[in-house]
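Just follow the structure's listing: the first ligand is 1, and inside any ligand the first atom is 1.
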Amino acid sequence: MQFQSLPGFREFYPDACALRNHIFGQWKQVARAFNFQEYDAPVLEPLELYIEKSGEEIVGQLFSFEDRGGRSVALRPEMTPSLARLIGAKANSLKRPIKWFNIGEHYRYEKPQKGRLRAFYQFNVDIFGEAGPAADAELIALLVQALRAFGLDSKDFKVRLSDRDLWLLILTAEGLDEDGSATVLGIIDKLERTAREQTVEKLAQVLGEGAAAFLDRIEEVIAIRDFDALSAYISNLSLEGDVAEQAKQRLDDWKALLSGLESSGAGDFIHIDLGIVRGLAYYTGFVFEAFEASGEGRALAGGGRYDALVKKLGGPEMSAVGFAMGDVTLVDLLESKNRLPSYVQSPDFIAIIGGTEARDAALSDAALLRSMGYCVDYPLKNQGFGKQFKEANQKGARFALIYGTDELAKGVVKIRDFSTGVEQEFPREALAVTAQELMAFGFPETQK
Ligand code: HAM
């Protein structure tokens, strides 16, 4: 019987692994460029960590079970609750702002489909201990750079920027209390995927008769695309006292965020779009999601502020902002934009071996070159020269190290440069230096 992997779980053959390594490599490089430090956390966590903290949608998708010790556990569907716990536990000894990243696998029992699997990788990037919009700007700039690193530009992707704080102000002006606002934000989150009548029906449960007119006003807000229009809309809200002051301050935060993004070169990618509110329960301020430029398909990345989560998990008061980018939608995008690199995983040297005595010499030289960090291969079975050369060529080797009876007798190894076909003998005792020179400059005749 042929066993199969579970639905939504991928197997990574070497080509797929090379692509995955390439993606992880770019993510890591960008995180380092922004001076973020890498951390890690358990894959299996107490179920409780996700109940309420992550929100209904994710809890409904958990891979959860009881372990042999009777504990309710879950495979991590996301990193944020674990990270908030890690930070909370050491908050006092960590130097702020805390800038951390992780690349790891996550698990959600979703219906496998384009852009959605049950096991996927995320690049999580978060900043703790900085409440001002400079932290939001830094993260969104990093998000933009992480996509640009793959050769994508503003024709390929955009970042939709929104703000739960502004929404709360707008909903307060509409007369809604905290609970009502939370319910309405949940409905706005699903707006794009829900028929209008159904949305009105859901809103009517909170608002009664005025639901349809209310939705018209919500849609007006969602249609806003520039800061001046947003600013005018908020300034015209009937807000009083402290709330009016909050609204004014929030617009100043927006100005600071947008100007920070502009200066970092991310301005072209930013689209103001209050249609984004984010489904996870813990977001508190600016929220954002990255999409393919036309808006098609599932999000490439999502994140925002979550200033209350560290405390909710038993830590001190600690502001936080972060995002996660997934590998599945990223690879789909790179494929559709013809940005998938072609990988050449080829050896630097391949030994061509003529007989048992030659094999001893080849293995000893291979050991030396490998200890120097070069990629060296040789046939495991004795084969004719012709077949060995053919295979060395197929493997894309840069140089062949040829060990025949004549070469052995002379104490030399004949080296062929596959790119030019040139062959030359070199003393075996100086192979280490020869290898370094060949890898750096090629054959002496071809030196420039
Ligand atoms: P999220 O929006 O649930 O946010 O996921 C972030 C990204 O992970 C998505 O945009 C998508 O690329 C990828 N992703 C999520 N689910 C799947 C799936 N089933 N298959 C493939 N890819 C998927 C979070 O997880 C937040 N914890 C992000 C965050 C970090 N917020 C603050 N810090």
Side-chain angles (χ1 to χ4, degrees), residues 6-10 20 23 27 31 36 39 41 45 49-50 53-63 75-87 98-128 135-136 138-140 142-143 146-147 150 157-160 162 164 189-190 276-292 295-310 312-313 318-334:
L6 292 167
F9 283 76
R10 286 170 291 176
R20 192 176 77 180
I23 289 170
W27 282 348
F36 280 67
Y39 69 95
E45 289 277 21
L49 185 64
Y50 305 110
K53 307 298 183 284
S54 295
E56 253 173 68
E57 193 165 323
I58 281 200
V59 170
Q61 298 167 342
L62 284 175
F63 274 92
L75 283 173
R76 62 183 184 199
E78 58 157 338
M79 192 52 127
T80 314
S82 307
L83 172 60
R85 181 191 60 211
L86 257 75
I87 295 287
I98 303 157
K99 296 167 58 171
W100 284 9
F101 80 97
N102 170 266
I103 296 169
E105 199 169 25
H106 297 269
Y107 309 89
R108 294 184 194 177
Y109 199 89
E110 294 199 52
K111 186 165 177 274
Q113 55 193 289
K114 189 152 178 67
R116 280 280 177 277
L117 294 175
R118 289 183 177 167
F120 54 95
Y121 288 91
Q122 275 189 346
F123 174 40
N124 272 270
V125 193
D126 295 84
I127 300 180
F128 293 85
D136 307 66
E138 171 87 336
L139 270 169
I140 298 171
L142 193 158
L143 164 59
L147 290 169
F150 294 97
F157 75 93
K158 64 178 173 188
V159 177
R160 298 166 70 188
S162 175
R164 286 180 74 105
D189 183 44
K190 308 235 160 21
I276 296 291
V277 295
R278 304 279 295 144
L280 294 162
Y282 44 69
Y283 289 111
T284 52
F286 287 116
V287 284
F288 47 88
E289 284 184 358
F291 281 88
E292 195 276 328
E296 299 248 312
R298 298 281 191 155
L300 301 161
R305 239 188 210 278
Y306 51 103
D307 285 343
L309 188 62
V310 175
K312 256 198 196 163
L313 289 167
M318 175 77 93
S319 48
V321 52
F323 74 84
M325 181 182 295
D327 70 320
V328 181
T329 38
L330 175 61
V331 169
D332 287 348
L333 179 68
L334 293 177

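- Interface of Tyr282 with ligand 1, defined as ligand atoms under 4.0 Å from a residue heavy atom, comprises 26 (C), 27 (N).
- Ring geometry for Phe9 versus Tyr107: interplanar angle under 30°, hence parallel rather than tilted (30 to 60°).
- For ligand 1, the atoms lying closer than 4.0 Å to a non-hydrogen atom of Asp126 are 30 (C), 32 (C), 33 (N).
- At least one donor-acceptor pair closer than 3.5 Å links the side chain of Thr329 to the backbone N or O of Ala299.
- Between Arg20 and Asp327 there is no salt bridge, since no side-chain N of the basic residue sits under 4.0 Å from a carboxylate O of the acidic one.
- For ligand 1 and Asn124, the ligand atoms under 4.0 Å from any heavy atom of the residue are 30 (C).
- At a 4.0 Å heavy-atom cut-off, ligand 1 does not touch Ile58 at all.
- Counting heavy atoms under 4.0 Å from ligand 1, residue Ala324 touches it through both backbone and side chain.
- Here Arg116 has heavy atoms under 4.0 Å from ligand 1 in both its backbone and its side chain.
- Of all the heavy atoms of Arg278, the ones lying under 4.0 Å from any atom of ligand 1 belong exclusively to the side chain.
- The protein heavy-atom contact nearest to atom 14 (N) of ligand 1 is Phe120 CE1, 3.5 Å.
- Looking from atom 15 (C) of ligand 1 to the surrounding protein, the closest heavy atom is Arg108 NH1, 3.4 Å.
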For Tyr50 and Gln61, what are the C-alpha separation, side-chain angles and deciding distance, and is it a side-chain contact (heavy atoms from CB on, under 4.5 Å)? CA-CA 11 Å; Tyr50 305 110; Gln61 298 167 342; over 6 Å; no

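- Ranking the protein heavy atoms by distance from atom 9 (C) of ligand 1 puts Ala299 O, 4.1 Å first.
- The two residues Glu78 and Gln122 make their nearest non-hydrogen contact at CA-OE1, 4.3 Å.
- Neither the backbone nor the side chain of Tyr121 has a heavy atom within less than 4.0 Å of ligand 1.
- A cation-pi arrangement is absent between Arg108 and Phe120 under the rule of less than 6.0 angstrom and at most 45 degrees off the ring axis.
- In the vicinity of Thr329, heavy-atom distances shorter than 4.0 Å reach the ligand 1 atoms 12 (O).
- Closest to atom 27 (N) of ligand 1, if we only count protein heavy atoms, is Glu78 OE1, 2.5 Å.
- Phe123 and Ala146 get closest at one heavy-atom pair: CE2-CB, 4.1 Å.
- Near Gly302, with a cut-off below 4.0 Å to any heavy atom, the atoms of ligand 1 are 10 (O), 28 (C).
- Nearest non-hydrogen protein atom to atom 20 (N) of ligand 1 is Leu117 N, 2.9 Å.
- Contacts of Phe101 classified as ring-ring contact (aromatic ring centres under 6.0 Å, His included), with partners at least two apart in sequence or in another chain: none.
- Shortest contact from atom 13 (C) of ligand 1 to any protein heavy atom: Gly326 CA, 3.8 Å.
- Closest heavy-atom approach to atom 29 (C) of ligand 1 within the set Tyr283, Tyr306, Phe288, Phe291: this belongs to Tyr283.
- Contact atoms of ligand 1 toward Thr80: 26 (C), 27 (N), 29 (C), 30 (C), 31 (N), 32 (C), 33 (N) (distance under 4.0 Å to a heavy atom of the residue).
- The ligand atoms of ligand 1 that sit less than 4.0 angstrom from a heavy atom of Leu300 are 10 (O), 12 (O).
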